[in-house]
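Below: the structure, in structure tokens.
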Amino acid sequence: MFRVTKAPLDVPRLLRAVGDPRAGATVVFLGTTRRENAGRAVVRLEYEAYASMATAEMRRLAAAAARRWPLRKVAIVHRIGPVPVGEASVAVVVSAGHRAEAFAACHWLIDRVKEIVPIWKKEHFRGGEAWIGLQRAAAARRRAARRGRR
Amino acid sequence: MFRVTKAPLDVPRLLRAVGDPRAGATVVFLGTTRRENAGRAVVRLEYEAYASMATAEMRRLAAAAARRWPLRKVAIVHRIGPVPVGEASVAVVVSAGHRAEAFAACHWLIDRVKEIVPIWKKEHFRGGEAWIGLQRAAAARRRAARRGRR
Amino acid sequence: MRVRLRFFAVLRERLGPGGERSVAAGTTVGALWDALVAERPELGAVRVRYAVNERYVERGHPLADRDEVAFFPPVSGGG
Amino acid sequence: MRVRLRFFAVLRERLGPGGERSVAAGTTVGALWDALVAERPELGAVRVRYAVNERYVERGHPLADRDEVAFFPPVSGGG
């Protein structure tokens with residue numbers, strides 16, 4: 001199961017999607033926006049996706065993980081639209097024969113999802129709003145500039 | 001939440017138990033007995049616990065993990081009694097500010113649960129039954145004896 | 001030849017969701033972006049990534065007729 | 001003094017769930033196990049772990065009146 005959805009994440013459904021009689025281990029990652037982010041009181045979040053490419057990238061990442069580790073099944077789902085603070089916006093679920101692979105693949109997948117899958121977060125906080133990717137890129141440029149000056 | 005229970009594991013309830021507004025990451029491990037284990041067709045499993053010590057050890061492990069990583073909340077639940085093949089027998093759930101800690105602590109906790117928490121598995125397979133800890137210990141002794149002979 | 005443009009996140013807010021555009025044969029995705037920036041110089045401040053037909057590409061990727069060309073800032077999904 | 005015995009898994013199958021037992025003051029948990037094995041020599045084949053009042057202890061741990069003393073094989077929970 002690879003999708004972007006406006007609905008709250010349904011973890012039991014995701015677990016059924018990765019169910020497999022040869023799976024001894026299932027690892028689930030859920031990402032949630034914290035109420036405080038970088039010192040700002042986050043009120044609301046909104047996610048936008050390039051939906052068709054996002055699900056295509058999720059499938060490609062799952063296929064890459066399955067080449068790297070012996071996995072049974074993978075599911076990746078990301079919410080889009082408004083997400084209340086405290087509710088999960090992304091789930092990565094991996095089943096495998098053994099737990100070391102399930103942990104390693106799940107961790108690798110969420111790292112790659114955050115780098116690669118075309119989804120953007122806009123934070124609405126007290127006093128404003130900001131697209132998060134831009135900010136991170138600007139912060140990275142500022143850090144690079146400071147390093148350059150030393 | 002730290003308990004042994006005869007009921008199927010209720011993952012949504014475990015997620016609510018570790019919910020925390022400062023948690024940005026939640027990692028869930030579910031352990032399931034595979035239909036095939038060491039070449040035997042497993043028909044049924046039965047878990048027995050020293051229940052009061054098991055929950056005490058779960059609490060001690062969670063406290064040790066919270067000293068080692070900055071975590072928000074931990075829940076550990078293990079089924080006892082008969083467990084159908086394909087249903088999870090153990091859940092370890094960790095919430096934390098960031099994902100690296102949540103993954104590391106969850107992995108560490110399930111490793112320690114398997115080593116330390118006083119729960120025993122009896123496998124009923126086609127043609128017999130066996131307590132699993134004994135067997136592992138016997139296999140380890142045989143491996144050690146073979147190494148000794150080389 | 002004609003390509004379909006798609007913009008996301010802050011670029012969608014500034015440029016709209018996209019549309020059709022004519023480009024000369026052999027135009028690269030980077031040259032197309034430079035043409036867009038020439039029309040709207042404030043876009044020059046945005047660090048942009050390129051995708052063609054739902055796959056990431058580099059600036060030098062040559063466009064083909066009917067390609068779907070997406071421009072967007074660094075991604076920030078994942079919770 | 002008196003202690004409460006508890007057995008689990010294969011030991012529970014062979015010895016029952018446990019019960020009360022008198023032991024001499026200063027008896028260690030290992031000496032108590034050796035006494036049980038002397039009564040039931042087939043237990044000598046079981047690799048045993050010891051817990052007193054719900055905590056793991058080593059063989060040399062001295063028992064106190066009213067202790068709950070558990071004997072069990074290597075654990076195997078966790079899926």
Side-chain angles (χ1 to χ4, degrees), chain A residues 4 9 29-34 37 45-61 76-80 83 85-92 107 109-123 129-141 144, chain C residues 2-21 23 28-30 32-34 36-37 39-79:
Chain A
V4 296
L9 300 177
F29 172 82
L30 296 171
T32 309
T33 291
R34 286 162 296 152
N37 188 13
L45 291 159
E46 207 154 337
Y47 289 92
E48 175 175 335
Y50 181 4
S52 57
M53 181 174 166
T55 52
E57 287 292 345
M58 289 172 180
R59 279 177 207 285
R60 288 193 277 265
L61 288 174
I76 305 174
V77 178
H78 204 298
R79 274 181 86 170
I80 54 171
V83 176
V85 171
E87 290 188 20
S89 53
V90 62
V92 176
H107 197 162
L109 280 165
I110 182 60
D111 288 352
R112 294 296 89 70
V113 164
K114 289 174 85 96
E115 280 174 13
I116 290 174
V117 175
I119 295 177
W120 301 271
K121 172 160 71 173
K122 190 174 204 174
E123 267 183 25
E129 57 177 45
W131 284 105
I132 298 304
L134 286 185
Q135 239 176 359
R136 280 185 199 158
R141 277 197 302 274
Chain C
R2 294 186 73 74
V3 296
R4 182 164 176 225
L5 303 184
R6 300 196 65 177
F7 304 113
F8 294 94
V10 68
L11 294 178
R12 177 188 51 71
E13 287 182 341
R14 297 193 193 165
L15 297 171
E20 297 263 314
R21 187 176 173 113
V23 296
T28 64
V29 68
L32 173 53
W33 177 245
D34 293 344
L36 291 164
V37 172
E39 296 163 17
R40 301 280 299 266
E42 76 276 18
L43 298 179
V46 177
R47 194 172 137 217
V48 71
R49 303 192 76 176
Y50 315 101
V52 172
N53 300 330
E54 304 177 356
R55 287 185 177 267
Y56 284 104
V57 296
E58 297 297 322
R59 273 185 63 82
H61 182 89
L63 297 175
D65 193 36
R66 307 275 154 204
D67 275 350
E68 175 169 303
V69 188
F71 299 96
F72 48 77
V75 306
S76 56

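The chains referred to below are lettered A, B, ... by the order of the sequence lines, with proteins before strands, and numbering in each begins at 1. Just so it is clear, the values below take in all heavy atoms, side chains as well, and ignore hydrogens, waters and symmetry mates.
- For residues 57-69 of chain C, a heavy-atom distance under 4.5 Å to chain A picks out C:Glu68, given by residue number.
- With sequence neighbours left out, C:Arg40 forms a side chain to side chain contact (heavy atoms under 4.5 Å, CB included) with C:Arg14, C:Leu15, C:Glu42, C:Leu43.
- Only the side chain of A:Tyr47 comes within contact range of chain C, with at least one heavy atom under 4.5 Å from a heavy atom of that chain.
- Between A:His78 and C:Gly78 the shortest heavy-atom distance is NE2-N, 2.7 Å.
- A:Arg60 meets the side chain to side chain donor-acceptor pair (under 3.5 Å) test with A:Glu57; sequence neighbours excluded.
- Heavy-atom distances place no part of A:Ile76 under 4.5 Å from chain C, backbone and side chain included.
- We find the CZ-CH2 distance between C:Arg12 and A:Trp131 to be 5.5 Å, quoted to the nearest 0.5 Å.
- Counting heavy atoms from C-beta outward, C:Phe8 and A:Pro118 have side chains that stay 4.5 Å or more apart.
- Chain C forms more heavy-atom pairs under 4.5 Å with one residue of A:Ser89, A:Ser52, A:Ala88 than with any other, namely A:Ser52.
- The side chain to side chain contact (heavy atoms under 4.5 Å, CB included) check on A:Ala91 picks up A:Leu9, A:Leu14, A:Leu30, with sequence neighbours excluded.
- In this structure, chain A has a heavy atom under 4.5 Å from the side chain of C:Arg49, while its backbone stays farther away.
- Across A:Glu48, A:Arg79, A:Glu115, the residue that shares the most heavy-atom pairs under 4.5 angstrom with chain C is A:Glu48.
- The shortest non-hydrogen separation linking A:Ala56 to C:Glu54 is CB-OE1, 4.4 Å.
- When side chains are defined from C-beta on, C:Pro73 counts as touching A:Trp120, because their heavy atoms get closer than 4.5 Å.
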